[in-house]
There are 2 protein chains.
Amino acid sequence: MTKGKRNAEATQAAILVAAQNAFTEHGFDGVGVREIAAAANVNVALVNRYFGSKQGLFNEAIARAISAQNLLSANRLEFCKQLAAQLVASGTAADPTFDPARAMIRSAGNLQAEEVMRSALEDHFVSPLADWLEGDDASVRSALILTLVAGVAVLRDVLRLPSLRMEDGELEKRLETLFASLVDPAGGLGDVGKSDVA
Amino acid sequence: MTKGKRNAEATQAAILVAAQNAFTEHGFDGVGVREIAAAANVNVALVNRYFGSKQGLFNEAIARAISAQNLLSANRLEFCKQLAAQLVASGTAADPTFDPARAMIRSAGNLQAEEVMRSALEDHFVSPLADWLEGDDASVRSALILTLVAGVAVLRDVLRLPSLRMEDGELEKRLETLFASLVDPAGGLGDVGKSDVA
DNA sequence: GCCTCAAGTAAACAAGCGTTGACACGAAGT
DNA sequence: ACTTCGTGTCAACGCTTGTTTACTTGAGGC
């Protein structure tokens, strides 16, 4: 099957991988199809042949990424720990890797890309997570968990904000705590009798 | 001074406003200088004359916005309330308005824009806020507050994630709680049941 | 009036973009 | 051997981009 030459499957895969890496680093508008094709050692025209358009390629890239991860298997405490750990660990790879979060943030300027990302995140992240949370305002709490993930992706992985790139230990602990307060249906909400900040 | 015609000051202002609105809606790469000039009822060449380049125009737009807001005057509780309220209120204006957060998110794909935004946020938001917080890990806590702001900007204002666009009351309450837990140096960290105030 | 310089205009530049159609290759089917 | 068709190549299309150059217009100083 994999002959190395004249193999459509391998070519499509190569294009997809190159596109994912490129989108991660430069976003949808920041990279051209010629660059992607060159990185995949493939002719430009093949991008349009196999994926219809640059937009189609982006859609496919996002779709593959979203449907490939599942964090909901662990118990509630483990979920918080794993999510926090994964967040502070991301962006540490030396060689360019596909990071869906970064790719999405960097493509947030494109209107069509926004649409793809909205439905992908709502259907494959917020909604399942809300079901799993199983409490009051599960929808809002789920969305707020994604909010933290997105915020970290923006400031730490994309903008590389100095304050978020050191003291990883403290950061991870704080994130874990925040997640925990959102996983718990009560979650520090309730009456303001105690815990007063003034 | 303001004669309506052949007024350099007014022209620069018009270009800047048009640019701010355009960047808010389409991001740096999503809008052309011709569109901006047209929206400002101004010739294209004047953009480069008065701001040097499209990049210079963007820098000026961000710089003006960042140095124009200050939320740190209130006490700690009020700060949380105001920030949460401002977050859920943003993006409700009917006519196009300049929203620095949205403009930045939508421009996150551009490398030079990233640099401007990084230093602007670090110097004029995270750093002052960290000083104001005055506790252990003030830097991390400050950055995490901005993380929530950025996350909401991404998901609610840019991607318009359905889950974050309803139940505004609950959302605001939850955000306020999260902010409070980050403003408080202990902030739910450490052993359970304690919430000492400095 | 006249001169001068800032303010505004028009047109073109060079480069890049996504996309497409016509063509060459190469292996499999008969 | 010859046809067939999926695969890959090449060159160009039309369009948009940011920027610049040469030019025209307008208002104030003398």
Side-chain angles (χ1 to χ4, degrees), chain A residues 1-20 22-23 25-62 106-107 109-113 115-116, chain B residues 1-20 22-23 25-62 103 106-107 109-116:
Chain A
M1 192 189 281
T2 59
K3 298 268 281 270
K5 280 194 173 271
R6 227 172 174 83
N7 181 341
E9 251 184 85
T11 302
Q12 289 179 248
I15 295 175
L16 200 61
V17 169
Q20 289 174 329
F23 288 147
E25 219 64 42
H26 307 104
F28 184 82
D29 289 322
V31 67
V33 288
R34 283 173 177 83
E35 292 179 60
I36 296 176
N41 276 106
V42 144
N43 192 281
V44 203
L46 296 180
V47 173
N48 283 308
R49 188 199 299 278
Y50 289 128
F51 296 93
S53 65
K54 186 190 181 185
Q55 184 67 50
L57 177 56
F58 180 81
N59 296 0
E60 189 64 24
I62 295 298
R106 287 207 161 105
S107 305
N110 189 278
L111 222 76
Q112 304 186 76
E115 214 174 301
V116 179
Chain B
M1 191 187 281
T2 60
K3 296 269 279 274
K5 276 192 174 275
R6 228 171 173 84
N7 181 339
E9 250 185 85
T11 302
Q12 288 180 247
I15 294 176
L16 199 63
V17 169
Q20 288 173 329
F23 288 148
E25 218 65 42
H26 307 104
F28 184 82
D29 288 322
V31 67
V33 288
R34 282 173 178 81
E35 293 178 60
I36 296 176
N41 275 106
V42 144
N43 191 282
V44 203
L46 296 180
V47 172
N48 283 304
R49 191 206 288 281
Y50 289 128
F51 297 92
S53 65
K54 186 190 181 185
Q55 185 66 51
L57 177 56
F58 180 81
N59 296 1
E60 189 63 25
I62 295 298
R106 287 207 161 103
S107 304
N110 190 278
L111 223 77
Q112 304 186 77
E114 284 181 15
E115 213 174 301
V116 179

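Just so we're on the same page: letters track the sequence lines, and every chain starts at 1. Being a predicted model, the structure only gives us computed values, none of them experimental.
Note that CG of B:N59 is 9.5 Å distant from CD of B:E115, once rounded to the nearest 0.5 Å. Rounded to the nearest 0.5 angstrom, B:F28 CZ and B:L57 CG are separated by 8.5 Å. A:E60 CD to A:I15 CD1: the interatomic distance, rounded to the nearest 0.5 Å, is 11.5 Å.
Taking the side chain to side chain donor-acceptor pair (under 3.5 Å) definition, one finds that B:E114 meets it with A:R106, sequence neighbours left out. B:N48 is linked by a side chain to side chain donor-acceptor pair (under 3.5 Å) to nothing, counting only residues two or more places apart in sequence or in another chain.
We find that CG of B:L57 is positioned 14 Å from C1' of D:dT19, with the value rounded to whole Å. For the pair B:E35 CD and D:dT17 P, the interatomic distance rounds to 6 Å; values are reported in whole Å. Following rounding to the nearest Å, A:K54 (NZ) and C:dC17 (C1') show an atom-to-atom distance of 8 Å. The CG-P distance, from B:N41 to C:dA7, rounds to 19 Å in whole Å. In this structure, CD1 of A:I36 is placed 8 Å from P of C:dG18, rounded to the nearest angstrom. Taking atom CG of B:L46 as the reference point, atom P of D:dT24 lies 17 Å away to the nearest angstrom. Per the geometry, NE2 belonging to B:H26 stands 12 Å off P belonging to D:dT17, to the nearest Å. When the P atom of C:dG18 is taken as reference, atom CD of A:Q112 falls 13 Å away, rounded to whole Å.
Side-chain contact check for B:Q55 versus B:V116: some heavy-atom pair is nearer than 4.5 Å.
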List the steps, then state whether side-chain contact (heavy atoms from CB on, under 4.5 Å) holds for B:I62 with B:F23. CA-CA 10 Å; B:I62 295 298; B:F23 288 148; over 6 Å; no
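Side chain A:R34 to base C:dG16: no donor-acceptor pair is found below 3.5 Å.
In this structure, the helix from C:dG1-D:dC30 to C:dT30-D:dA1 shows an angle of 10° between the axis at its start and the axis at its end, each fitted on 5 base pairs and rounded to 10°.
When each of C:dG18, D:dT20, D:dC10 is scored by its nearest atom to the side-chain atoms of A:V33, the top-ranked nucleotide is C:dG18. Counting only heavy atoms from C-beta on, B:R49 has its side chain closest to C:dA7 among D:dG8, C:dG18, C:dA7. Among the nucleotides D:dT19, D:dT25, D:dG8, the one closest to any side-chain atom of B:R6 is D:dT25. Of the listed nucleotides (D:dG8, C:dT19, D:dT9), D:dG8 has the atom at the smallest distance from the side chain of A:Y50.
Among the atoms of the strands shown, base atoms are found under 4.0 Å from some heavy atom of B:V44.
Listed pair A:T11 / D:dG8 meets the phosphate criterion, a side-chain N or O lying under 4.0 Å from OP1 or OP2. The shortest distance between the side-chain N/O atoms of B:N48 and the OP1/OP2 oxygens of D:dT19 is below 4.0 Å.
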